[in-house]
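To start, the structure under review is shown below, and the notes come after it.
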Amino acid sequence: MQLAIFWIFSVLMLLFAGLVVVMRNPVASALSLVMCFICLAGLYFTLDAFFIGIIQILVYAGAVMVLFLFIIMLLNLKEEVARRLKLSAFFGGGLVLCGFVYAMVKAVINLPEVWQTAPKLETGGISDVARIGFKLFETYNMPLQIVGVILLVATIGVVFLSSRQLR
Amino acid sequence: MDIANFAEASATLGHYLIVSGLLFGIGLMAVLLRRNIIILFMGVEMMLNAANLSLVAFSRFHPVGGGPAVDSQVFLFFIITVAAAEVAIGLAIIVALYRAKQTMHVEDLDSLRF
Amino acid sequence: MNPILLEAVLVCYAFLLLLVEAFNSRMPRRYFGWAAVVGTTVVFFMTFFVDSSKMNPEAGYYGFYAADTLAILFKRFILLVSVCVLIMAIEFAPVLVRYLPVEKPDAGSGEMYSLVLFACAGMMWMASAQNFVMIFVSVELVTITFYVMVAMMRGNRASLEAGIKFLILGAIATSLNVYGIAWIFGTLGTTELPEIGAILQSIDSSLFPSLLFGFGLIFAGISFKVAAFPFQFWVPDVYQGAPTPVTAFLSVGSKASAFVVLMRVLESMLSNSELSSKILFMLSLVAGVTILMGNLSAIPQTNFKRLLAYSSIAHAGYLLMGAASIVSGNSGPAIAYYLMAYLISNMLAFGVLLVVGKSTGSDELVHFNGLGKKSPWLATALTLAVLSLAGLPFTVGFFGKFFIFSSALQAQQFILVGIGILGIGCGFYYYLKVIRAMFWLPASKEQSISSPIEISKPYAVMLILLSISLIIFGVYPEPIFNLIP
Amino acid sequence: MSPLVFLILLLILTSIFCYLSPASARRTAFMGSALQLILFLSLLLIYLFRVEDGAEVFYGWKWELLPELGVVMGLGMDGFSAIMLLLATLVTFAAVWATPAPERSVGFYYGNLFLIAAGVVGAFASTDLLFFYLFHELALIPTFLMIGIWGTGDKHRVAWKVTIYLALASFVLLIGILGLYINLPEISRTFGMRELVDLANSGVLQTPDWVFVMLFLGFGALVSLFPFHTWAPGAYACAPSSVAMLHAGVLKKFGLYGLLRVVLPIFPHEMQEYGHVLLILILGNIFFVGYATMAQRRLDWMLGYSSVMHMGYIFLGIASAMVPFAGGGGSYYLNPLSLGGAGILMFAHGISIAILFALSGQLRRRTATLEFSELGGMGKTMPAFGLLMGMGTFASIGLPGFANFSGELLVFFGAFGSGGAQFLNFYQIATAIAVWGVVVSAIYGLRAYRWTCFGETPERWVGSNELVDLRGREKFAIWILVVFSLLVGFWPQGFLKLLIPALLAQ
């Protein structure tokens with residue numbers, strides 16, 4: 001059953017990911033990406049990472065992609081004029097991709113116990129929100145502070161770059 | 001294949017890793033082939049999410065103390081946050097560029113040539 | 001004093017500046033620049049009083065933060081770079097403001113100073129990062145700050161385009177880095193570098209493909225930061241388009257902190273000789289290609305900023321050559337020394353470039369024609385800078401090359417040394433082009449009319465200090481060398 | 001502190017003063033060059049009175065820059081370096097006193113000139129291989145600037161070529177030096193020349209072949225050994241005469257000095273092994289370049305080529321300095337005749353080429369051309385010029401009485417006896433061929449002298465007042481050079497007493 005769900009979600013996810021690349025209209029691409037991320041959240045659920053899955057839907061599919069759509073609408077981007085695909089880019093890209101997939105598959109099949117199903121979890125009733133929260137605010141306190149600074153810098157940057165008139 | 005077996009069957013680590021690798025590859029293709037800056041961004045987002053999928057899969061298949069390895073899930077939080085910040089900055093620059101130049105195409109970025 | 005306070009003080013100070021700047025729109029923005037200089041200098045002196053035994057492992061460090069001598073050395077280094085960059089930014093502010101939609105003549109330059117401070121804090125965290133998570137977040141802090149700073153002149157197309165290019169390639173590098181970290185974590189179950197080193201000592205060789213995959217991706221991400229071969233192509237465009245102080249910061253500070261990360265990652269890998277020999281082979285390949293690429297493409301350049309960009313790629317190649325000879329045992333100090341030399345000479349070069357560019361409105365090499373006549377002091381400073389970059393004796397750059405090449409020879413990297421010699425030959429060609437422009441060629445018509453270049457006093461003091469230290473450490477390298485662990 | 005430090009500092013300070021105050025630069029340069037010559041001559045006298053023979057290192061001084069790495073700035077003077085320093089200070093003096101000052105940027109001109117001089121003096125005063133190298137490099141950029149700004153003819157291309165060539169060659173050399181350094185065990189790392197030789201003799205320093213190749217290629221290219229000589233003639237022809245004097249006269253001896261001081265004693269086997277190759281290259285230097293010299297139709301180019309050609313004789317002395325013992329067994333001894341000859345010839349060639357370049361510079365200023373076809377009869381209009389030109393030419397082609405003669409003679413004797421007991425061995429054949437080079441140089445030297453100083457004065461200058469004779473101070477400076485050449489020519493044993501012990505002491 002889990003395998004079936006895995007297949008459904010992953011095939012859908014890859015399909016929508018492919019559509020992002022193929023679609024000419026940016027709005028269609030963005031909507032495909034939303035679907036792709038929702039399927040990805042489904043994959044997280046099959047991995048028992050429910051909190052992460054919810055966050056994925058909220059932050060990515062909800063916030064980030066809305067930002068994308070918002071910008072696309074704001075700039076009133078039309079369907080892309082079909083530009084001639086550079087053959088060199090195509091083959092170069094294909095070569096890079098093949099190399100990457102080869103290295104990745106080689107790395108995967110050499111991992112030990114890679115084709116075994118997941119072990120049973122015994123969480124003892126602690127929800128993963130609690131576990132992640134404790135980890136985040138205790139052990140990972142320092143990176144968390146730095147991430148706070150990152151958000152601050154990003155805010156300054158966005159305000160600076162897009163405010164109409166600087167004071 | 002009988003029903004009981006089907007109900008029992010579940011995906012392995014290898015399945016997840018290959019799927020995440022393919023997602024990464026599709027993202028890479030988007031970056032390499034498309035010329036629209038916004039689509040390039042979407043490709044990068046796919047690549048980051050592929051990394052996230054690998055992280056979650058690893059955390060589930062190498063449990064620590066009975067539960068999934070939470071370290072990687074915490075790391076995933078950082079990645080999502082950073083990605084969001086990057087998107088915000090990126091879209092701000094794109095809007096500024098669009099105001100200045102009315103283009104969304106990498107090929108039109110040509111003022112820097114020697 | 002607890003070393004963790006350094007970054008905390010810096011970030012809080014930057015935040016304070018930002019607040020005052022936001023709520024006090026009457027104060028001239030220049031003052032914030034000087035305030036930032038003072039703050040950075042204070043933190044620089046604070047580094048001499050840190051005591052790493054004061055660190056409390058429970059209070060949120062957990063193996064994220066190292067305050068060893070290497071980290072402290074690089075923190076000082078980065079602070080010095082930031083001071084120079086801030087002074088340059090103050091000088092550059094009028095040019096920056098020209099490209100901004102502003103209400104008042106100097107509005108909008110204030111954010112620059114606090115962003116420099118944030119980037120500086122990020123680099124200092126990078127120098128201390130001991131865990132892949134920490135590396136990731138600190139690198140991202142620096143990168144995201146740079147996205148903003150590169151695109152800062154938002155009325156200038158070149159700057160925006162540079163921002164876009166930097167952003168997209170940087171995002172790709174980030175995702176490669178993250179994917180690599182995910183694989184290392186999945187294979188070894190930890191992200192702490194010392195622990196990884198311990199695990200690698202006794203590891204089964206069947207794990208090598210996945211480890212190599214992971215490390216390869218991580219190195220690809222780092223090579224973006226140091227401007228090395230597979231990810232070097234953003235460098236010329238971004239350097240040319242970005243505001244000059246940001247370019248200087250990018251070429252020195254960002255590169256230096258990325259090299260600390262590289263050294264730490266390499267160090268943790270060295271414990272497994274088989275794995276490290278594979279990675280070092282990869283690294284020497286990258287180093288060789290980077291040296292050739294940087295030097296050969298610098299030859300036809302006519303824009304001085306672009307030339308410096310390619311030369312910075314070339315220098316990344318020499319530094320990687322040092323990293324690839326890490327088995328010789330003394331390449332760590334060699335890299336550190338080289339970076340110091342690079343700091344002094346590159347800052348001097350960008351410093352002169354900034355004022356010449358400001359007064360002529362262009363960074364083209366043609367505008368340096370006749371500088372030797374027009375302002376001999378600036379010409380002398382720039383001559384010293386490019387000679388030091390070329391590695392001529394009695395400048396600090398010579399000892400940098402000296403240490404790097406001797407460690408490479410000791411590690412038996414003969415092919416790499418041969419490529420290095422070739423690169424240095426090319427280097428002489430394009431660095432001499434600058435000297436030729438200043439002293440041989442007469443100034444063009446429009447040039448000779450314009451008045452001599454004016455620079456503010458503090459800026460001149462900075463240039464003089466840099467020039468003097470360039471010569472003094474070129475003759476007497478011991479003071480710098482003693483700082484290096 | 002050693003007085004040699006003051007000598008170098010004097011030159012550097014003069015240079016800085018010239019840069020800073022262009023108005024009085026000319027006066028500063030005259031004073032500085034005279035002072036450094038006087039200072040060095042007195043140092044030399046003290047040295048002669050105080051030491052037994054040339055082997056002793058006097059005025060030794062060390063500044064430990066990076067003691068744990070063995071990077072030390074060592075200065076000192078033994079017999080060999082004393083002679084090279086004498087050459088350097090003499091030529092520096094003449095380069096300032098006997099050449100015309102430029103019309104514009106006088107301060108910059110003299111500043112650069114003294115920087116070159118400081119590099120030259122510093123190099124020969126170093127007892128330490130690294131600083132020997134570093135001081136030599138000091139001259140690189142001033143040369144580039146001076147040829148490019150004040151040169152003549154195709155100056156930009158030439159300046160470009162010579163600088164890239166020399167920079168690359170010196171970097172190859174640096175790799176060779178580093179090769180010596182890193183092959184030492186960590187505790188005894190040093191760059192001291194004598195220490196390196198001692199360590200090599202005691203077997204501590206084991207070097208692979210590439211170190212020898214790098215050092216040899218580096219030094220060889222800097223001295224313009226045959227296939228790597230193409231940078232030299234043009235550089236000397238196009239450079240302002242003062243730079244040509246310093247560069248051809250003194251700076252080029254840097255490579256020979258290094259070969260004699262370091263390469264020869266550390267790599268006796270390799271020198272012997274590659275000796276045959278070297279001999280062929282030397283014959284290329286003497287004949288190939290010799291014929292090219294004969295084909296020149298301009299005085300400056302002819303002088304440039306001749307200076308490359310004369311390097312062949314000095315190289316012959318170096319190549320034949322290692323003699324295998326008659327009993328065999330792979331051991332060698334140093335041939336004092338060849339060594340002494342090479343040393344004397346280095347001095348002699350430096351003096352004679354400096355005289356000729358000084359005179360050609362003076363001539364160029366008066367006539368604005370150095371084409372032989374447009375010259376002639378200068379000896380009649382400018383008698384002092386003619387006399388000195390004759391002296392220089394005779395010295396250069398090795399007439400008896402001048403230093404070059406004694407040097408060449410010693411080199412030929414030494415080389416002839418170097419091949420061992422076998423009759424008509426390779427060395428003897430090579431020497432027999434090389435002797436004919438003297439004829440070649442006599443042909444072009446005397447021909448050039450005739451074309452310049454004798455015959456009809458071309459119509460343009462008949463009755464013109466441009467051809468004024470040399471001024472007093474110019475004559476004085478050149479005569480000093482001539483006197484020293486004659487001194488060595490008539491009394492070589494005095495110099496050999498300094499030279500040979502210093503070279504054998506290693």
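Keep in mind that the numbers below use all heavy atoms, side chains included, and drop hydrogens, waters and symmetry copies. Letters A, B, ... are given to chains in the order of the sequence lines, protein chains preceding strands, and every chain is numbered from 1.
Chain C forms more heavy-atom pairs under 4.5 Å with one residue of D:I177, D:T163, D:L69 than with any other, namely D:L69. In terms of heavy-atom pairs under 4.5 angstrom with chain D, the leader among C:G418, C:G391, C:S406 is C:S406.
For a residue to count as touching a neighbouring chain, one of its non-hydrogen atoms must lie under 4.5 Å from one of that chain's; by this rule D:F131 touches chain C with the side chain only. Contacts between C:L387 and chain D at a heavy-atom distance below 4.5 Å involve the side chain alone, from C-beta outward. D:H156 touches chain C through backbone and side chain together, each having a heavy atom under 4.5 Å away. In this structure, chain C has no heavy atom under 4.5 Å from any part of D:M146. For D:L166, no part lies under 4.5 angstrom from a heavy atom of chain C. Only the side chain of D:L174 has a heavy atom closer than 4.5 Å to any heavy atom of chain C. For D:S170, no part lies under 4.5 angstrom from a heavy atom of chain C. With a 4.5 angstrom heavy-atom cutoff, D:F135 touches chain C via backbone and side-chain atoms both. Contacts between C:I421 and chain D at a heavy-atom distance below 4.5 Å involve backbone atoms as well as side-chain atoms. Contact of C:K433 with chain D is made through backbone and side chain together, with heavy-atom distances under 4.5 Å.
Across every non-hydrogen atom of D:E64 and C:Y476, the tightest pair is O-CE1, 4.3 Å. Of all heavy-atom pairs between C:L432 and D:W160, the closest is C-CH2, 3.7 Å. Considering all non-hydrogen atoms of both residues, C:W440 and D:L145 come closest at NE1-O, 3.7 Å. Between C:P477 and D:L66, the shortest heavy-atom distance links the atoms CG-CD1, 3.8 Å. Looking at every heavy atom in both residues, D:L134 comes nearest to C:P393 through CD2-CB, 3.2 Å. Taking each heavy atom of D:L168 and C:G425 in turn, the nearest pair found is CD1-CA, 3.3 Å.
Below 30°, between 30° and 60°, or above 60°: for C:F402 and D:Y181 the angle between ring planes is between 30° and 60°, a tilted geometry.
Using a 4.5 Å cut-off on side-chain heavy atoms (C-beta onward), C:L409 and D:W210 make contact. Counting only heavy atoms from C-beta outward, the side chains of C:V475 and D:W63 approach each other to under 4.5 Å.
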(request) Go through C:F405 and D:F171 one step at a time and tell me if the ring pair (Phe, Tyr, Trp, His ring centres under 6.0 Å) criterion holds. (result) CA-CA 11 Å; C:F405 275 87; D:F171 208 79; 5.1 Å; yes

(request) Apply side-chain contact (heavy atoms from CB on, under 4.5 Å) to C:F428 and D:L140, showing your working. (result) CA-CA 11 Å; C:F428 267 105; D:L140 192 66; 4.3 Å; yes

(request) Could you walk me through whether C:N482 and D:E68 pass side-chain contact (heavy atoms from CB on, under 4.5 Å), step by step? (result) CA-CA 10 Å; C:N482 282 346; D:E68 63 269 42; 3.9 Å; yes

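C:F414 CZ: more than 12 foreign heavy atoms inside a 6.0 Å radius.
C:T395 contributes atom OG1, which lies 10.0 Å from atom CD1 of D:I141 (distance to the nearest 0.5 angstrom).
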